[in-house]
Structures are given as C-alpha cells and as structure tokens.
Trainee: 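I'd like to ask some things about the structure below.
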Amino acid sequence: MVWTQQFLSDIRKAVPEFRYKGVDIVEHVVQANQATFSHDPLTEISVGDMTEDPVPAGFDMIFSRDALQHLTYKQIHGALRRFAESDAKWTVIGHYPTSHNLDLSGPGTNHFDINLQAAPFNLKPDEVLVENKQVHQPTDHPKHLAVFK
C-alpha cells in the first residue's frame, strides 16, 4: 500500500465519503496497514485471498493495481473470476500492454509485468489509462490501468 495514502488523499478531495476496503493475504502486512489507517473510519484493511474468497459486496469498483503479477496463472484466473462474480460496476487492474506474460512457479515467488490483453488472459478492456509516472516505479514496460465494466 505504498501508493494508497496518496491515492486516498487525492480521491477524497473530490469524493469525501469515498470508502476503501483493502485485502491482502499476508497477515503481518494487514496488521501494519491496519495500524497505519486506524485513524481513518472510511478505510478497512483485512486478511483475504482474492483468488478464492468472494469480493465484498456493496462497492462500486475493484481496484487491483499491483497484486495479480505476483500470482500463478491459475490464481490469476481465480481472482478474475471472483472479480467478474462480484456486484462491482467497474474493475480496474494494473497491466503492462507491451510485456509478455510468465507463469510463476508459485505465488509470491517472483513477479512479472502482467499483460491482460495477451495470452493466456486475452482480455479486452473497455478503456486503458496511462498511469501517472509519479507514483509508478518504472520497469522495462509502460504501466497502464485496464478498465472493465
């Protein structure tokens, strides 16, 4: 959640009642983030597995910026299925449209610059936004946000 504090600060200037629910599978990371955001009643952080757990109901958007690229293809497909099954109107996912996908040997063993438009995902976003370079840690590929209705 390196970028999340700035994200929440920026969005709440326009939408003061913006609610954020963050989910991570690593308990000590969740505990640290809970402490960081304990003063913020509109932000909730909890332990969960986006590859298997249903997405919490009642949110307009799923925003998965830097998570899928740490998972195996099977897990990514599970997360995408959970996103599609949710009642969210929008899903926004960080992706690198010029990169090549790489199936990892296990979750969290490494990461790759995920390209949602390439095999084995072959998704067609409704819109693709160039990410603000001020908050992006550069890799060999430009980072974008794939937007799905």
Side-chain angles (χ1 to χ4, degrees), residues 1-8 10-12 15 17-129 131 135-137 139-149:
M1 292 183 60
V2 173
W3 51 270
T4 308
Q5 286 181 315
Q6 185 64 51
F7 168 76
L8 291 175
D10 289 348
I11 200 163
R12 287 189 177 142
V15 185
E17 68 280 2
F18 182 83
R19 289 186 314 132
Y20 179 87
K21 177 165 178 69
V23 177
D24 197 295
I25 199 164
V26 182
E27 191 164 338
H28 71 86
V29 170
V30 169
Q31 290 171 347
N33 288 321
Q34 287 171 332
T36 299
F37 291 95
S38 64
H39 67 283
D40 182 351
L42 296 174
T43 297
E44 178 187 349
I45 313 295
S46 62
V47 174
D49 182 347
M50 70 178 174
T51 69
E52 295 185 12
D53 298 340
V55 173
F59 288 88
D60 292 329
M61 181 178 72
I62 298 166
F63 186 36
S64 177
R65 183 175 175 266
D66 290 322
L68 297 182
Q69 65 263 36
H70 296 281
L71 304 176
T72 65
Y73 284 174
K74 180 179 178 185
Q75 291 174 309
I76 293 168
H77 280 101
L80 294 172
R81 187 174 308 105
R82 298 296 163 256
F83 295 170
E85 293 168 348
S86 78
D87 66 349
K89 297 172 190 158
W90 300 93
T91 301
V92 180
I93 304 172
H95 103 113
Y96 301 81
T98 63
S99 69
H100 301 285
N101 291 320
L102 170 70
D103 196 7
L104 301 178
S105 60
T109 57
N110 206 333
H111 70 279
F112 65 99
D113 293 344
I114 187 170
N115 182 345
L116 294 170
Q117 294 174 292
F121 311 112
N122 301 312
L123 298 178
K124 293 182 177 27
D126 293 290
E127 190 170 349
V128 177
L129 307 170
E131 185 169 301
V135 296
H136 172 54
Q137 297 178 8
T139 68
D140 293 336
H141 304 283
K143 185 172 184 181
H144 294 70
L145 297 172
V147 180
F148 302 92
K149 291 182 184 177

Trainee: Does any N or O in the side chain of Y96 come within less than 3.5 Å of the main-chain N or O of L116, such that one atom is a donor and the other an acceptor?
Mentor: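 No: the side chain of Y96 does not pair with the backbone of L116.
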Trainee: Take I93 and F83, measure what side chain to side chain contact (heavy atoms under 4.5 Å, CB included) needs, and give me the verdict at the end.
Mentor: CA-CA 10 Å; I93 304 172; F83 295 170; 4.1 Å; yes
Trainee: Could you tell me whether K143 and D66 have a side-chain N and a carboxylate O separated by less than 4.0 Å?
Mentor: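 So K143 pairs with D66 through a salt bridge.
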Trainee: Suppose we call two aromatic rings close when their centres sit under 6.0 Å apart. Are F63 and F7 close by that rule?
Mentor: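 Yes; F7 has its ring centre under 6.0 Å from that of F63.
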Trainee: Return the CD to CG distance between E85 and L80, rounded to the nearest 0.5 Å.
Mentor: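 Atom-to-atom, E85:CD and L80:CG are 11.0 Å apart.
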Trainee: Is there a side-chain contact between P107 and T72, using heavy atoms and a 4.5 Å cut-off?
Mentor: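 A side-chain contact exists here, since the closest heavy-atom pair is under 4.5 Å.
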Trainee: Check V29, T36, V30 against I45 for a side-chain contact (heavy atoms from CB on, under 4.5 Å) and give me the one that passes.
Mentor: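 The residue from V29, T36, V30 that satisfies side-chain contact (heavy atoms from CB on, under 4.5 Å) with I45 turns out to be V30.
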Trainee: Report yes if some heavy atom in the side chain of M50 is under 4.5 Å from a heavy atom in the side chain of L68; otherwise report no.
Mentor: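 They are in side-chain contact.
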Trainee: Distance from D87 atom CG to D60 atom CG, nearest 0.5 Å?
Mentor: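 So the gap between those two atoms works out to 8.5 Å.
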Trainee: Rounded to the nearest 0.5 Å, how far does OG1 of T43 lie from CD of Q34?
Mentor: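 These two atoms lie 12.0 Å from each other.
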Trainee: Going by the ring pair (Phe, Tyr, Trp, His ring centres under 6.0 Å) test, which pairs reach into residues 34-55, not counting sequence neighbours?
Mentor: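 Applying ring pair (Phe, Tyr, Trp, His ring centres under 6.0 Å) to every pair that reaches into residues 34-55, excluding sequence neighbours, yields nothing.
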Trainee: Does the side chain of I114 come within less than 4.5 Å of I76's, by heavy atoms?
Mentor: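 Heavy-atom side-chain distance check passes, below 4.5 Å.
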Trainee: Measure the CD-CZ distance between E52 and R81 for me, rounded to the nearest 0.5 Å.
Mentor: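 Reported to 0.5 Å precision, the distance equals 10.5 Å.
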Trainee: Atom NE2 of H70 and atom CD1 of I25: how far apart are they, to the nearest 0.5 Å?
Mentor: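 Reported to 0.5 Å precision, the distance equals 13.0 Å.
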Trainee: Quick one, T98 and N115 - any side-chain contact, counting heavy atoms below 4.5 Å?
Mentor: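 Counting from C-beta outward, T98 and N115 never come under 4.5 Å.
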Trainee: Are any non-hydrogen side-chain atoms of F18 and L8 less than 4.5 angstrom apart?
Mentor: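 The answer is yes, as the side chains (C-beta and beyond) meet within the 4.5 Å cut-off.
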Trainee: Treating D103 as the side-chain partner and Y73 as the backbone partner, does any N or O pair qualify as donor plus acceptor under 3.5 Å?
Mentor: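 Flag set: sc D103 to bb Y73 pair under 3.5 Å.
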Trainee: Can you name the closest pair of heavy atoms from A35 and S38 and give their distance?
Mentor: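 Looks like O-OG, 3.1 Å.
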Trainee: Measuring from R65:CZ to L145:CG, what's the distance to the nearest 0.5 Å?
Mentor: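 Between R65 CZ and L145 CG, I get 7.5 Å after rounding to 0.5 Å.
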Trainee: Tell me which donor-acceptor pairs under 3.5 Å the side chains of residues 117-127 have, and how far apart each pair is, sequence neighbours excluded?
Mentor:
unit_1, atom_1, unit_2, atom_2, d
N122, OD1, A119, N, 3.1
D126, OD2, K149, N, 2.6

Trainee: Suppose the criterion is salt bridge (Lys or Arg N to Asp or Glu O under 4.0 Å): which pairs have a residue in residues 26-43, not counting sequence neighbours?
Mentor: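 Qualifying pairs, neighbours excluded: R12-D40.
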Trainee: Does a side-chain heavy-atom distance below 4.5 Å link H100 with L102?
Mentor: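 Answer no - side chains too far apart.
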Trainee: What are the two closest non-hydrogen atoms of A67 and S64, and how far apart are they?
Mentor: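 Closest heavy-atom pair between A67 and S64: CB-OG, 3.9 Å.
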